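As the structure is a prediction and not an experimental result, all values here were calculated from the model.
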Amino acid sequence: MPNLIISRESSGELQAYIAKKDLELTINSLQFDQDDQWGGELELSDGSRFYIEPQNTKPSLPKTFRARRA
C-alpha cells in the first residue's frame with residue numbers, strides 16, 4: 001500500500017506524489033470531491049488507479065494518504 005501525498009496546484013489541479021517511486025502525477029479523476037465527502041477511487045495521468053478511504057470532510061491539502069491499488 002503506497003503513500004500518496006496529494007496537493008492542489010495554484011491552477012486548481014490535484015497532484016499526487018508517490019514517494020516510493022519518486023513520481024508526481026496529475027489526478028485526472030476523483031470519485032468524491034465535495035465538501036461533505038472526499039476520496040474514493042482516483043485515476044492518475046499515467047492511467048494507474050488507487051483507492052483512498054472516503055473522508056467526511058474535504059481535507060486541507062497537502063496531506064499524506066495511505067492508498068491501495070484499485
Side-chain angles (χ1 to χ4, degrees):
M1 286 169 75
N3 284 329
L4 298 181
I5 300 170
I6 297 180
S7 60
R8 189 173 300 275
E9 297 297 312
S10 58
S11 64
E13 287 185 325
L14 290 173
Q15 296 282 323
Y17 175 73
I18 305 170
K20 213 170 200 181
K21 294 183 177 184
D22 193 29
L23 187 63
E24 186 170 5
L25 299 166
T26 301
I27 296 175
N28 288 342
S29 65
L30 181 63
Q31 186 175 6
F32 304 111
D33 193 12
Q34 295 89 27
D35 290 333
D36 62 340
Q37 191 172 28
W38 191 92
E41 189 173 313
L42 59 91
E43 181 181 348
L44 301 178
S45 59
D46 70 348
S48 57
R49 293 177 180 267
F50 292 92
Y51 181 81
I52 296 172
E53 199 64 42
Q55 314 278 312
N56 291 332
T57 58
K58 190 179 274 192
S60 61
L61 301 174
K63 186 171 180 174
T64 303
F65 296 93
R66 196 88 164 128
R68 64 177 191 251
R69 295 200 181 273

Audit row: Trp38, Thr57, side-chain contact (heavy atoms from CB on, under 4.5 Å) steps and yes/no:
CA-CA 6 Å; Trp38 191 92; Thr57 58; over 6 Å; no
Close side-chain approach of [X] and [Y], heavy atoms under 4.5 Å:
{"X": "Ile27", "Y": "Ile6", "result": "yes"}
{"X": "Gln15", "Y": "Tyr17", "result": "no"}
{"X": "Leu14", "Y": "Thr26", "result": "no"}

Mark yes when over 12 heavy atoms from residues, nucleotides or ligands other than Asp36 sit less than 6.0 Å from its CG; otherwise mark no.
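Counting other residues, nucleotides and ligands, CG of Asp36 exceeds 12 neighbours.
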For residues Leu30 and Gly39, report the shortest heavy-atom separation together with the two atoms involved.
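Where Leu30 meets Gly39 most closely, the heavy atoms are CD1-O, 3.6 Å.
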Which heavy atom of Leu61 sits nearest to which heavy atom of Ser7, and what is that distance?
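Scanning both residues completely, I find the closest heavy atoms to be CB-CA, 4.2 Å.
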For the OG1 atom of Thr64 and the CD1 atom of Ile5, what is their distance to the nearest 0.5 Å?
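Here the interatomic distance stands at 4.0 Å.
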Hey, can you pull the donor-acceptor pairs under 3.5 Å for the side chains in residues 41-55, sequence neighbours left out?
| unit_1 | atom_1 | unit_2 | atom_2 | d |
| --- | --- | --- | --- | --- |
| Glu41 | OE2 | Arg49 | NH1 | 2.8 |
| Glu43 | OE1 | Arg49 | NH2 | 3.2 |
| Asp46 | OD1 | Ser48 | N | 3.0 |
| Asp46 | OD1 | Ser48 | OG | 2.7 |
| Gln55 | NE2 | Glu53 | O | 3.2 |

Which residue pairs pass the salt bridge (charged side-chain N to carboxylate O under 4.0 Å, His left out) test with at least one member in residues 60-70, sequence neighbours excluded?
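Applying salt bridge (charged side-chain N to carboxylate O under 4.0 Å, His left out) to every pair that reaches into residues 60-70, excluding sequence neighbours, yields nothing.
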Of all pairs that satisfy salt bridge (charged side-chain N to carboxylate O under 4.0 Å, His left out), the ones with a partner from residues 10-23, not counting sequence neighbours:
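For residues 10-23, and leaving out neighbouring residues, there are no salt bridge (charged side-chain N to carboxylate O under 4.0 Å, His left out) pairs at all.
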